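Keep in mind the model is a prediction, meaning the values are calculated, not measured. As the structure lists them, so they are numbered: ligands from 1, and atoms in each ligand from 1.
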Amino acid sequence: MKKARLKLVFPIFLSLFVLSCSQENLVTRSKFLMGTIVEVTAPNQKAVEIVFDEFKILEEKLSHFNPDSQIGRLNSQGELVVDSQLIRVIKKSLEISQASRGAFDVTCAPLVDIWKKAIKEKNPPDKRDIEKALLLVGWKNIYFDEQSGTVKLKPGMKIDLGAIAKGFAVDEAIAKLKKAGVKSALIDAGGNCFCLGAKSGRPWSIGLINPRKKDEIIQIFALTNKAIATSGDYEQFFISNNKRFSHIIDPSSGYPADTGICSVTVIANDATTADALSTAIFVLGEEPGLKLAKKFKASEVKIVKGADCD
Ligand code: AMP
Ligand code: MG
């Protein structure tokens with residue numbers, strides 16, 4: 001499960017910090033959903049509930065931890081006709097996989113499981129287990145028919161939407177808020193944010209935390225109708241022989257991404273893109289990562305790397 005990044009709850013794991021969001025005419029509420037703390041700032045409690053309800057619906061569909069979710073059933077049965085929300089998130093995942101040449105790959109679930117266990121035990125896994133898991137990884141082996149919603153996996157393959165699902169849920173919840181006439185709100189789902197409209201006529205202020213000094217804000221972004229997401233190596237990791245191993249995996253090697261980057265922040269028009277791109281760029285490294293960001297029309301990318309990661 002992903003650790004929360006909100007300062008008020010778990011200051012140590014913060015990556016993005018909503019600055020001065022307390023306003024007389026806005027309420028801020030948080031709830032544990034989709035394995036993270038979801039914080040919503042909105043004009044009233046009704047709007048907050050719209051967001052939490054949408055997250056709950058998507059948690060029940062997308063979680064690979066839940067055997068009864070659509071992803072859980074797809075993983076155990078190897079084939080499923082999925083609903084329209086899953087069609088959209090799978091379609092986007094495959095687009096990013098193709099454009100990133102597999103650096104982003106939702107089929108790396110078997111590797112993710114191995115490394116999550118390693119992080120828990122603070123011990124690198126057996127090379128043979130990684131080699132075995134690698135045989136099951138490959139987004140090109142997903143059969144996907146957008147028209148019918150049919151998804152088929154090869155035997156043993158599994159899908160983990162951990163790198164895109166929260167951003168997708170943010171977008172779906174924002175769409176519901178807009179439909180309900182809400183003009184101003186901010187959703188932060190574990191570092192995947194969308195800033196809807198303005199806050200008292202001004203952009204929302206989001207602070208980016210130094211990945212190696214959690215009490216330091218290194219940049220402030222002023223955002224209106226934009227999404228921002230951060231992926232980093234400082235929430236889920238362990239250090240062995242002076243080497244840091246994080247939860248973001250390079251599907252080409254089977255090992256955690258190792259490009260000298262410790263955090264990637266992406267600003268984009270939607271949270272699904274920002275979420276997926278931040279993970280993909282973390283794996284790809286700076287130069288190919290920035291090309292990918294351009295392709296998906298990201299407005300801004302902030303990469304923390306090299307000596308700043310020491
Ligand atoms: P994020 O925090 O958005 O960067 O997502 C990290 C999560 O995505 C991990 O905890 C895994 O569940 C999953 N993941 C790890 N590596 C990859 C990858 N290369 N492509 C897609 N998903 C990944
Ligand atoms: Mg992501």
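When the heavy-atom distances from atom 20 (N) of ligand 1 to L284, T279, D105, T36 are ranked, the shortest goes to D105.
A salt bridge does not link E172 to K176: none of the charged side-chain nitrogens sits closer than 4.0 Å to a carboxylate oxygen. Ionic pairing of K56 and E59 is present here: one or more N-O contacts between side-chain nitrogen and carboxylate oxygen are shorter than 4.0 angstrom. Remark: D83 engages K61 in a salt bridge, criterion side-chain N to carboxylate O under 4.0 Å.
Atom numbering of ligand 1 starts at 1 in the shown order; those under 4.0 Å from a heavy atom of D160 are 11 (C), 12 (O). Counting the atoms of ligand 1 from 1 in the order shown, those under 4.0 Å from a heavy atom of S231 are 1 (P), 3 (O), 4 (O). Those atoms of ligand 1 with a heavy atom of P251 less than 4.0 angstrom away are 19 (N). Close approach to D275 involves these atoms of ligand 1, each under 4.0 Å from a residue heavy atom: 3 (O).
Ligand 1 does not have S278 within reach: every non-hydrogen atom of the residue lies 4.0 Å or more from it. At least one heavy atom of K116 sits less than 4.0 Å from an atom of ligand 1.
Checked options V38, V51, V48; the residue passing with R29 is V48 (criterion: side-chain contact (heavy atoms from CB on, under 4.5 Å)).
Checking I164 against the Mg ion (ligand 2), every N/O/S atom stays at or beyond the 2.8 Å cut-off. Within the coordination shell of the Mg ion (ligand 2), defined by N, O or S atoms under 2.8 Å, N192 is absent.
For the pair L284 and S100, the tightest heavy-atom approach, listed with the atom from each and the gap, is CD2-O, 3.7 Å. Annotation for L177 and A47: closest pair CD2-O, 3.4 Å, computed over non-hydrogen atoms.
Between the side chain of Q77 and the backbone N or O of E79, at least one donor-acceptor pair lies under 3.5 Å.
Between C108 and ligand 1, not a single N/O pair is under 3.5 Å apart.
Environment of CD in Q98: sparse, with no more than 12 heavy atoms of neighbouring residues, nucleotides or ligands closer than 6.0 Å.
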Subject >> Candidate pair T230 and S263, rule side chain to side chain donor-acceptor pair (under 3.5 Å), full reasoning >> reply: CA-CA 7 Å; T230 293; S263 98; 5.7 Å; no
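If you look at A163 next to ligand 1, the close heavy atoms, those under 4.0 Å, come from the backbone and the side chain alike. At a heavy-atom cutoff of 4.0 Å, ligand 1 is contacted by both the backbone and the side chain of I248. Here A103 has backbone heavy atoms under 4.0 Å from ligand 1, and that is the only part of it that gets that close.
D275 contributes OD1 as its N, O or S atom closest to the Mg ion (ligand 2).
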